[in-house]
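What follows is a short report on a single structure.
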Number of protein chains: 2
Amino acid sequence: MRTSKVTIEDIAGRAGVSKATVSRVLNRPTTVTEVKREAVKVAMNEMGFKPNQFARSLANGHSNTIGIVTQNIGTSFYDSIARSIIQSLRQTQYAPIFSDGMYEHDAENAAINTLLDRQVDAVIVLGGDLTPDEIHGGEDAVPMVMVARQIEGWNGVCIGVDNVAMGYNATKHLIDAGHVQIAHVTGNPSHEDAVNREKGYRKALAEANIPIDEDLIFPGNFYGQAGVLAVESWLMRGKSFSAVFAANDLSAFGVRLALSRRNIRVPDEVSIVGIDDKIESALMPPPLTTIRQPADAMGEAAVKAVTTILSGKKTESVLMQGELIVRESVSRRH
Amino acid sequence: MRTSKVTIEDIAGRAGVSKATVSRVLNRPTTVTEVKREAVKVAMNEMGFKPNQFARSLANGHSNTIGIVTQNIGTSFYDSIARSIIQSLRQTQYAPIFSDGMYEHDAENAAINTLLDRQVDAVIVLGGDLTPDEIHGGEDAVPMVMVARQIEGWNGVCIGVDNVAMGYNATKHLIDAGHVQIAHVTGNPSHEDAVNREKGYRKALAEANIPIDEDLIFPGNFYGQAGVLAVESWLMRGKSFSAVFAANDLSAFGVRLALSRRNIRVPDEVSIVGIDDKIESALMPPPLTTIRQPADAMGEAAVKAVTTILSGKKTESVLMQGELIVRESVSRRH
DNA sequence: TGCTTGCTTGAAAGCGGTTTCACGTGTAAG
DNA sequence: CTTACACGTGAAACCGCTTTCAAGCAAGCA
């Protein structure tokens, strides 16, 4: 019988104690003598008692729910993080409740308010573009942690990933393979991650004393089509390049497709590296060399951060590192 | 000020009415005279009133929350449906709360119980493998709708997709292009969707009077690796084929990779069709012909079904159809 | 004019827990 | 042998909203 109409009062009667005592074994068992505690537990089992969460929350002010603001973007990166959060949360007393930011400023605010209305104990925001001020508005209601985003000017905790380093390492990998004419398809220029990856790209080039050809930097948007446009554009303008660093794997796929349309061989004529390590990346012909984003670890870290904050302790922001996955889309330059 | 400590009583005082009246304008505005209703509304705005959901739920028994059981499987299909559900739910009074079934039987039951403990008003189950009996156990607590799954022997509502038709149409497309030796990489044989897709494959072949070569049917698992194994296995055994129908796009990617490793051209020498229409499918060299699963529509349908049930009306199960997306991975057989 | 009917409204009783507070008890300290 | 103190416990207040119930009142009807 799931329709648990068994209340704390029933248990109290059955166990021969008061409601207060039953409540105590529920919340602070050690304050009740062994014998009564056992009696209560037995009664609970026998009657199949399930505490009513609403009554509980109403009385103590905690919902044991944490809100997640997702972004309705087609990238698997956020999905992976979300999944990881769901998983990690299973080990805790908290349940996740979702609200979608749709990658729009207003929608994101609305999403947070929805969650706040539902009295979540904390909120985790995946990406998005809230300003510190706006965040702060919500923050004094409940603790917030930002994932996949670092925000200067606010001292809350962020679980970020080092995009500059990823851009740097991807490019460095190409340089180490002897490439000099390295093109870059950027992500959405209005997206912080994109500019950081490009920053890493420039840094690696500068460090290797390779002059930067601005014409080889194509402003993309993280979508596949950007990759094909980039290649067409370079080819059309007669730019030559032996390698391309795409801001994400999806763009890299686009690059690869465009090259294949022109019968340009990968990696023999042009090498490619992306960022993300999507499942499909290992299946591209040839399998794509890329940088794996630690989505799972980030989800776990976010949950950990939230739970420690909720338990009254302090936590630090963390900046995670991507991992270079070497496959077959890069060859030494001949 | 978000820490809304403004209660219904404060509003009542401000508006010069009783708590009961305030509650009425909240729930059944028409039963209150225009003038008082306005006074209450004004008071609410001035004081920034946000009703306490717990108190509400405790009093009326509804949580305005609907539980979603997800499956922690790597496929984007479920993710898309989930996202679509989140989106659709935004238009309603309900908020989604998630619990992961991890594609394991016990975990799935646990997930449902978690949701039930939290007094969800209904639950939507994505895929999974619950039996009708188990479902029924939960079902008499709250309404349930199953998505991406048809279950014989239970009369609840299912939002399914016609897997037999998808398998049939994919195969038919190949047959129509003149192919006869059509191989098939199946999905996980223990997965109902997989067997239905294969059923469609067999049906199309039978209908065209093409004898079925069991050796050309490779038992896969929906993962990419299965596709490469399938090709290796066929080639090793000297089987010849001019086309392959992969149970999903991921497998198709594997097939494509393996072929490319053997320098077998797609689609010139071998044609491929998959199922899913992932974002990456359009970017494969060559872009993959596939069958698009109506994930968004299914999510919407699920939400619609749930809300109508919750509003006391009846709904029917629906069986959706996939859509053939013709791209460049299939050529006429010469 | 008298009585019924229907509508609006407030008081109060829940919903099912948690928590304060005061009241024994048993034990340690004076 | 008191006085004190900690501890376990139950009664009752409370969390904030919904809903029943009965009362008040205006309109409808004979």
Side-chain angles (χ1 to χ4, degrees), chain A residues 1-41 43-44 47-65 93 116-121 141, chain B residues 1-41 43-44 47-65 93 116-121 141:
Chain A
M1 192 60 178
R2 270 230 57 88
T3 46
S4 92
K5 291 279 68 185
V6 185
T7 77
I8 205 179
E9 194 142 12
D10 300 327
I11 302 297
R14 174 82 149 231
V17 300
S18 70
K19 287 167 51 181
T21 299
V22 177
S23 176
R24 286 188 190 102
V25 349
L26 239 29
N27 301 296
R28 280 176 305 282
T30 55
T31 63
V32 178
T33 47
E34 174 93 31
V35 42
K36 300 218 172 196
R37 195 193 316 158
E38 281 312 312
V40 169
K41 283 186 176 170
M44 284 180 173
M47 308 185 72
F49 173 72
K50 297 278 182 187
N52 180 313
Q53 295 294 335
F54 301 136
R56 261 190 139 161
S57 299
L58 177 57
N60 71 12
H62 300 315
S63 65
N64 284 343
T65 297
Q93 63 186 302
L116 257 22
D117 285 352
R118 290 188 160 262
Q119 257 101 45
V120 295
D121 291 340
Chain B
M1 194 62 179
R2 271 229 57 86
T3 46
S4 91
K5 291 277 68 182
V6 185
T7 77
I8 204 179
E9 192 142 12
D10 300 327
I11 302 297
R14 174 81 149 232
V17 300
S18 71
K19 288 166 49 180
T21 298
V22 177
S23 176
R24 285 188 190 102
V25 348
L26 238 30
N27 301 296
R28 281 177 304 283
T30 55
T31 64
V32 177
T33 46
E34 174 93 29
V35 41
K36 300 216 171 198
R37 194 192 319 156
E38 281 313 313
V40 169
K41 284 185 176 171
M44 285 182 172
M47 308 186 71
F49 173 72
K50 296 280 181 185
N52 181 314
Q53 296 294 334
F54 302 136
R56 253 186 147 164
S57 298
L58 178 58
N60 72 10
H62 301 314
S63 65
N64 284 343
T65 296
Q93 64 188 299
L116 258 21
D117 285 352
R118 290 190 160 261
Q119 257 98 45
V120 296
D121 291 340

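Only heavy atoms go into these numbers, but all of them, side chains included; no hydrogens, no water, no symmetry mates. In what follows, every chain begins at residue 1, and chains take the letters A, B, ... in the order their sequences are listed.
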[N] OP1/OP2 closer than 4.0 Å to side-chain N/O of [X]:
{"X": "A:Lys5", "N": "C:dC15", "result": "no"}
{"X": "B:Thr33", "N": "C:dT9", "result": "yes"}
{"X": "B:Thr21", "N": "C:dG10", "result": "yes"}
{"X": "A:Arg28", "N": "C:dT18", "result": "no"}
{"X": "B:Lys36", "N": "C:dC7", "result": "no"}
{"X": "B:Thr31", "N": "C:dT8", "result": "no"}

Are there more than 12 heavy atoms of other residues, nucleotides or ligands under 6.0 Å from atom CD of B:Gln93?
yes

Could you tell me whether B:Glu38 atom CD has more than 12 heavy atoms of other residues or ligands within 6.0 Å of it?
yes

In whole angstrom, give the distance that lies between atom [atom1] of [X] and atom [atom2] of [N].
{"X": "B:Leu26", "N": "D:dC17", "atom1": "CG", "atom2": "P", "value": "8 Å"}
{"X": "B:Gln119", "N": "C:dG16", "atom1": "CD", "atom2": "C1'", "value": "10 Å"}
{"X": "B:Ile8", "N": "C:dA12", "atom1": "CD1", "atom2": "P", "value": "17 Å"}
{"X": "A:Met44", "N": "C:dG16", "atom1": "CE", "atom2": "P", "value": "15 Å"}
{"X": "B:Asn52", "N": "D:dT18", "atom1": "CG", "atom2": "C1'", "value": "13 Å"}
{"X": "B:Met47", "N": "D:dG16", "atom1": "CE", "atom2": "C1'", "value": "14 Å"}
{"X": "B:His62", "N": "D:dC17", "atom1": "NE2", "atom2": "P", "value": "17 Å"}
{"X": "B:Ile11", "N": "C:dT9", "atom1": "CD1", "atom2": "P", "value": "17 Å"}

Close side-chain approach of [X] and [Y], heavy atoms under 4.5 Å:
{"X": "B:Leu26", "Y": "B:Met44", "result": "yes"}
{"X": "B:Val40", "Y": "B:Val32", "result": "no"}
{"X": "A:Gln53", "Y": "A:Thr65", "result": "no"}

Under 4.0 angstrom, heavy atoms only, what part of the nucleic acid is [X] near: base, sugar-phosphate, or nothing?
{"X": "B:Ser23", "result": "base"}
{"X": "A:Arg37", "result": "nothing"}
{"X": "A:Val22", "result": "nothing"}

Which of the following nucleotides, D:dC17, D:dG16, C:dG17, is nearest to the side chain of B:Arg56?
D:dC17

Given C:dG10, C:dG17, D:dT9, identify the nucleotide with an atom nearest to the side chain of B:Ser18.
C:dG10

Determine whether a donor-acceptor pair (N or O, by modelled atom type, separation under 3.5 Å) exists between the side chain of A:Arg37 and the backbone of A:Pro29.
yes

B:Ala59 or B:Val35, whichever maps to the more 5' nucleotide of DNA chain C
B:Val35

Both B:Arg24 and A:Asn60 contact DNA chain C. Which one's nearest nucleotide lies toward the 5' end?
B:Arg24

State whether the distance check finds a donor on one side and an acceptor on the other, under 3.5 Å, for side chain A:Lys19 versus base C:dG17.
yes

